[in-house]
Student: 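What follows is a structure written as structure tokens; I'll ask about it next.
Hydrogens, waters and symmetry mates play no part in the numbers below; they use all other heavy atoms, side chains included. All ligand and atom numbering here is 1-based and tracks the order in the structure.
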Amino acid sequence: MEEVQIIEETAVKKNTVITEMQNNDHEQIVFCQDKASGLKAIIAIHNTTLGPALGGTRMWNYSTEAEALNDVLRLSRGMTFKASISGLNLGGGKAVIIGDSYTQKSEALFRRFGKFVNGLGGKYITAEDVGISPKDMEYVNMETHHVSGLPESLGGSGDPSPVTAYGVFMGMKAAAKKQYGSDSLEGKKILVQGVGHVGETLVKHLTKEGAKVMVSDINLSRLEQVAKKYSAQNVENSDVIFDLDMDIYAPCALGATLNDDTIDRLKCSLIAGAANNQLLDESKHGEMLKQKGILYAPDFLINAGGLINVYREVEGISEKRAIELTEGIYDTTLRTFQTADEQNTTPHMAALHVAKSRIESIAQLKTRS
Ligand code: NAD
């Protein structure tokens with residue numbers, strides 16, 4: 001009896017994986033494990049219509065394998081649409097390594113992971129993400145050339161964060177143009193949540209523009225350091241940030257900060273930030289913001305600068321061209337708002353529509369001789 005139950009449970013779990021893939025149309029998932037090095041990883045390839053699936057590898061201490069799978073499926077899908085709406089010839093992919101990035105890293109683990117990436121023959125190109133350092137990627141690179149975003153000293157395009165921040169700044173200015181009639185951010189009260197690699201550079205652009213910047217971070221020493229450097233207002237208590245009087249909220253820490261609880265409390269008129277997957281539920285919470293009159297600049301559109309920078313390595317385009325493409329986020333954001341108005345939908349849904357349409361039209365092109 002007990003045995004039957006175990007088989008049934010396993011079958012259910014097995015079905016869940018394929019069903020999850022079908023739900024959002026993922027092409028392929030690769031589960032990787034190696035007892036000797038302790039590697040446990042999942043590589044998800046969402047869509048390769050436009051080109052090889054590019055997306056970083058995240059190392060995180062997930063509490064369950066299901067949580068890791070969910071994360072990699074969600075993130076890889078986002079990469080597909082980010083590349084598409086940015087006009088890049090890249091597909092969407094992502095990888096997660098299950099483990100503690102402080103205690104479980106080793107050369108063998110990353111080289112073993114590199115072998116798995118190499119086995120995909122270039123269908124998936126990896127890069128750094130949360131929990132991964134340039135040194136880790138150097139080990140991956142020893143086993144595969146399908147690595148991007150390496151340090152400049154190793155022939156790569158270097159840290160993508162400054163370009164990401166510049167793109168977010170461009171997207172925010174476009175959103176200000178739509179919401180306030182001018183793209184100047186001078187005098188605007190802007191809260192930057194998370195002043196890490198991207199957040200700090202965004203603060204630099206905003207203070208240069210004359211905005212009244214407030215900063216929040218759970219890392220208090222970093223918070224103090226950034227606030228002092230740019231004379232920004234330091235908001236130490238991260239619980240109160242959604243109740244603050246502000247014009248613009250810029251999420252640059254984690255995803256899902258736009259949800260039932262926070263949208264009710266937010267008093268801003270515009271949201272533009274770097275974090276991935278800011279809307280907990282992209283349909284429901286996008287609509288809630290629209291109803292409240294808060295203009296939301298779609299995350300995967302305005303945070304694409306880093307991906308554009310990494311694209312230099314894949315397509316061999318110049319640094320100058322990558323900056324031009326990143327500046328193009330301004331016009332794409334304005335066009336997206338216009339499409340949203342025309343289709344009476346939210347900016348997020350309009351951006352998804354544009355991204356999906358490009359993939360569909362290129363897929364049709366590829367079937368013709
Ligand atoms: P980072 O790790 O350098 O910085 C994140 C900062 O957020 C850290 O200082 C951390 O202490 C802080 N933080 C975490 N939880 C917080 C909370 N609850 N409240 C306030 N602060 C909190 O990361 P990053 O590279 O700056 O990226 C920021 C975000 O942008 C991430 O969501 C990332 O996925 C996304 N993103 C980054 C890039 C890039 O080029 N780095 C590109 C696209 C998207």
Student: Using a strict 4.0 Å threshold on nitrogen-to-oxygen distance, state whether E107 and R111 make a salt bridge.
Tutor: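 Yes, this pair counts.
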Student: Over 60° means perpendicular and under 30° means parallel, so classify the ring planes of H348 and F300, tilted if in between.
Tutor: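 Plane angle over 60°, so perpendicular.
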Student: What pairs of residues pass the ring-ring contact (aromatic ring centres under 6.0 Å, His included) test when at least one of them lies in residues 195-253, not counting sequence neighbours?
Tutor: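 Passing the test, one end in residues 195-253: Y166-H205, F169-H205, F242-Y249.
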Student: Just how far is it from atom OG of S161 to atom CG of L202, taken to the nearest 0.5 Å?
Tutor: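 The OG atom of S161 sits 12.0 Å away from the CG atom of L202.
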Student: So, are D245 and K267 salt-bridged, with charged N and O less than 4.0 Å apart?
Tutor: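 No, this pair does not count.
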Student: Between ligand 1 and the protein, which N/O pairs are shorter than 3.5 Å?
Tutor:
unit_1: ligand 1; atom_1: 3 (O); unit_2: H197; atom_2: N; d: 3.0
unit_1: ligand 1; atom_1: 3 (O); unit_2: H197; atom_2: ND1; d: 2.6
unit_1: ligand 1; atom_1: 9 (O); unit_2: D217; atom_2: OD1; d: 3.4
unit_1: ligand 1; atom_1: 9 (O); unit_2: D217; atom_2: OD2; d: 2.7
unit_1: ligand 1; atom_1: 11 (O); unit_2: D217; atom_2: OD1; d: 2.6
unit_1: ligand 1; atom_1: 21 (N); unit_2: I218; atom_2: N; d: 3.4
unit_1: ligand 1; atom_1: 26 (O); unit_2: H197; atom_2: N; d: 3.1
unit_1: ligand 1; atom_1: 26 (O); unit_2: V198; atom_2: N; d: 2.8
unit_1: ligand 1; atom_1: 30 (O); unit_2: A274; atom_2: O; d: 3.3
unit_1: ligand 1; atom_1: 32 (O); unit_2: A253; atom_2: O; d: 2.8
unit_1: ligand 1; atom_1: 34 (O); unit_2: N276; atom_2: ND2; d: 3.2
unit_1: ligand 1; atom_1: 40 (O); unit_2: T164; atom_2: OG1; d: 2.7
unit_1: ligand 1; atom_1: 41 (N); unit_2: S161; atom_2: OG; d: 3.4

Student: How many angstroms lie between NZ in K356 and OG1 in T49, if you round to the nearest 0.5 Å?
Tutor: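 Interatomic distance, K356 NZ to T49 OG1, rounded to 0.5 Å: 13.0 Å.
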